[in-house]
Number of protein chains: 2
Amino acid sequence: MSVTLKDVAQAARVSVSTASRALTGTGLTSERTQQRLVRIARELGYRPNPIARGLKTGQSRLVALLVHNLTNASFQVMAEVVQARLKTLGYQMLLCIGGDDPQQESDTLTTLVDHRIDGLIVVPTGKNGAQLETLSKDVPIVCLVRRDDATDLETVLADDPQGAYLGTRHLIELGHKRIGLIVGRQDTTSGRERLSGYVRALREAGITRDDTLIHAGHFVPETGATCARKLLDLPRPPSAIFVANHEATLGVLRVTAERNIVIPDDLSLLCYEDMPWFEWHRPAISIVDNGARDLANLAVDRLLHRMDAKGNGNDGVREYRVGAKLIKRDSCRQIDAPPPARSGKSKSSSSKSSAAKSAKV
Amino acid sequence: MSVTLKDVAQAARVSVSTASRALTGTGLTSERTQQRLVRIARELGYRPNPIARGLKTGQSRLVALLVHNLTNASFQVMAEVVQARLKTLGYQMLLCIGGDDPQQESDTLTTLVDHRIDGLIVVPTGKNGAQLETLSKDVPIVCLVRRDDATDLETVLADDPQGAYLGTRHLIELGHKRIGLIVGRQDTTSGRERLSGYVRALREAGITRDDTLIHAGHFVPETGATCARKLLDLPRPPSAIFVANHEATLGVLRVTAERNIVIPDDLSLLCYEDMPWFEWHRPAISIVDNGARDLANLAVDRLLHRMDAKGNGNDGVREYRVGAKLIKRDSCRQIDAPPPARSGKSKSSSSKSSAAKSAKV
DNA sequence: AGCGTTTCTGCAATCGTTTGCAGTTTATCG
DNA sequence: CGATAAACTGCAAACGATTGCAGAAACGCT
């Protein structure tokens, strides 16, 4: 069907081995035959068969990325970054979706190594440490975003303690004293670390921690809604909510919408991780950016390093941190300022309607 | 490193061929040895090497999905659906991102067939018809969402004429007479078809088509912004905009926000294809749902059918259509109703603020 | 028991590459 | 020119599975 090395060799009247050496450029052939073979191969449209090559070399030119889903904007950009980087190096990306489910993760991992992937970037569930550890003997692995505590695999993490600290401090600087926190499960690194950053900022500002303001939960929008309700039903509800669990954001917004709570007038809202629409939402939503793009790039760097180093790319470093940064938009307001007059509407919405009128002609 | 068939055969004191036959279940071995081998293989933790197998059989158990990006919500759910379906059948999905760029598409296609993928679902750019046609001789291909007019490949399409018709009719029924349309490039099927559905609805309602209300452009948010400005700057701007180009939505929203245009009071907005946040946006955005999930499922069905049929899965059908449906939310208003009083604010926002007050306590 | 079937098993070739080894050519230099 | 080293080339064996073919074993039947 397709042109094989043998065809090329025959056309050039040399042996298959010579052809192989010439085309892979191992430098063991004379300049002349080398060039001749390259030319002939091109003319014939020869493309090496990665499967056959893989069988011999044990490599597949396939690198897998295993994430939880594609709904999460961070995972999207990571996937795009990883794919783009790998492509330029002649690798294909095998994108797998594990759904944050240990069983699925485990299954996927085994089929991946069956396929003799050359490398793996994984956002671990944290429940398959032993398996990961074993696999890492066969194939370079880099963990991304989450640490699997049962392993000492190289891991590229967002600086969640810092990010949560930054976000909380921002709210405190705006005058907020009661800050609700909705955070991820406490059996994940990010969940714990974001909580700790929040606590540190509070402590630093001399605000005593109030556990009724802190809610941890699963990574689904429903959690956000439930937590938001609990927070808002408090006898003394918070003046700001820090949604440090990306998936919960939609749930929180639903609840504020249901209750006709105006952001930021009635409640300041700060979220973690960007979504493309946050910028267009009204009010535009302020966030702590975890640096997804940087994380992905670094993970690829580290993986490539390990793949080159053939097993001992161990530089001693176990953990890389990518800095978070605060992006201020319009969903957090200064609390010291007098609340907007109830009757006259807030500044933004009144200007809104007048401008709208003119736009209508 | 890992357990090979030879190891199993040795352990069972049979030849490799017997072992192979027993484990692949070709039925040419005695019941007893078969079971014995299966047991031994399990004990040894034997996992067949897909690469070696692939070399011999020409199959890879890899199916590729080539989409333009992962930002588009439709592509996300398609990727998730395809991945999930394939996994249960023992295939791995190779997700590729072509960026709607013919060059990238072409490159990706060649490396994919190099890897001897068993099947391909592709959202074609429309510029590589010849190549696709050629490849389809080697590997089953199903086109998704877009048709490549240069081929007669089996194609699974959204029913765009119907979707656009439905959406436009909805706006007409609400009393809109001047309906702006922002639609995709006219060299794509969906671009043309959505335009035609819009036109049909107009004609059916006896509204004469006004070409100043129709804008076609590339699939990026900037296009949406540009088109929205042009529409709103018209001497007689439209009372509703139908954004039939998914990527343009954010741009349109930006412009309405910039100009403080209140939706739906000042302008009704109807979009094409859902995004998870449309439901939470205020106002919640009404859409025409193209049925991404169904599309993906059907594409997988057709692909599997072709893969089974080994080359002649040609049932004569070239084109499958998946129905669109209208999802009404809050971004389109009845135009016959008197516009809300300018001073007193709209119903929704006044109730909003009072409820907010009580929520604050 | 003898013969023909049927059922099972093993040998060996094959898929398309890479690569160690040995053999052959070419270059180098006295 | 001839010896020696250097550079190149080809043979053949891998890699780990599948599969056609032929031989061996088991079975049924007269």
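Atoms considered below: every heavy atom in the structure, side chains included; atoms not considered: hydrogens, waters and symmetry mates. First the proteins, then the strands, lettered A, B, ... as listed; each starts at 1.
- Toward the 5' end of DNA chain C, the nearer of the two residues B:L55 and B:R13, judged by each one's closest nucleotide, is B:R13.
- B:H68 meets the ring-ring contact (aromatic ring centres under 6.0 Å, His included) test with B:F75; sequence neighbours excluded.
- Residue A:Q34 contributes atom CD, which lies 15 Å from atom P of D:dA7 at whole-angstrom precision.
- Atom CZ of B:R32 is separated from atom C1' of C:dC8 by 12 Å (rounded to the nearest Å).
- By the side-chain contact (heavy atoms from CB on, under 4.5 Å) test, B:A12 is found to be paired with B:V14, B:R36, B:L37, B:I40, residues two or more places apart in sequence or in another chain being considered.
- Protein atom NE2 of A:H115 is 14 Å distant from nucleotide atom P of D:dA17, rounded to whole Å.
- Listed by chain and number, the residues in a side-chain contact (heavy atoms from CB on, under 4.5 Å) with B:D149 are B:R147, B:R192 (sequence neighbours excluded).
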Review item, nucleotides 17-26 of chain C N/O atoms under 3.5 Å of protein N/O:
from, atom 1, to, atom 2, distance (Å)
C:dT17, OP1, A:Y46, OH, 3.1
C:dT17, OP1, A:N49, N, 3.2
C:dT17, OP2, A:L5, N, 2.6
C:dT17, O5', A:Y46, OH, 3.2
C:dT18, OP1, A:R53, NE, 2.8
C:dT18, OP1, A:R53, NH2, 3.2
C:dT18, OP2, A:S20, OG, 2.6
C:dG20, O6, A:R21, NH1, 3.3

CA sep, side-chain torsions, deciding dist, call: A:D100, A:R146, salt bridge (Lys or Arg N to Asp or Glu O under 4.0 Å)
CA-CA 11 Å; A:D100 200 4; A:R146 284 212 209 156; 3.1 Å; yes
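- Residue B:R185 qualifies as enclosed at atom CZ: its count of foreign heavy atoms under 6.0 Å is above 12.
- B:L23 has its CG atom 15 Å from the C1' atom of C:dT9, to the nearest Å.
- Straight-line distance from the CD atom of A:E31 to the P atom of D:dC8: 9 Å, rounded to whole Å.
- The distance from atom CD of B:Q35 to atom C1' of C:dC8 is 16 Å, rounded to the nearest whole Å.
- In this view, A:Q103 and A:D101, A:D107 satisfy the side-chain contact (heavy atoms from CB on, under 4.5 Å) rule, not counting sequence neighbours.
- Between the CG atom of A:D7 and the P atom of C:dG16 there is a distance of 9 Å, rounded to whole Å.
- In this view, B:Y91 satisfies the ring-ring contact (aromatic ring centres under 6.0 Å, His included) rule with no residue, not counting sequence neighbours.
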Show me the donor-acceptor pairs within less than 3.5 Å that the side chains of residues 78-87 of chain A make with the rest of the protein, sequence neighbours left out.
from, atom 1, to, atom 2, distance (Å)
A:E80, OE2, B:L70, N, 2.9
A:Q83, NE2, B:I97, O, 3.3
A:R85, NH1, A:N297, O, 3.4
A:R85, NH1, A:N297, OD1, 2.9
A:R85, NH1, A:D301, OD1, 3.2
A:R85, NH2, A:D301, OD1, 2.8
A:K87, NZ, B:Q104, OE1, 3.3
A:K87, NZ, B:T108, OG1, 3.3

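- Sorted by first then second residue, the side chain to side chain donor-acceptor pair (under 3.5 Å) pairs that include residues 47-57 of chain A, not counting sequence neighbours, are A:R47-B:D114.
- Comparing the end axes of the helix from C:dA1-D:dT30 to C:dG30-D:dC1, each fitted to five base pairs by superposing C1' atoms of four pairs onto the next four, gives an inter-axis angle of 40° (nearest 10 degrees).
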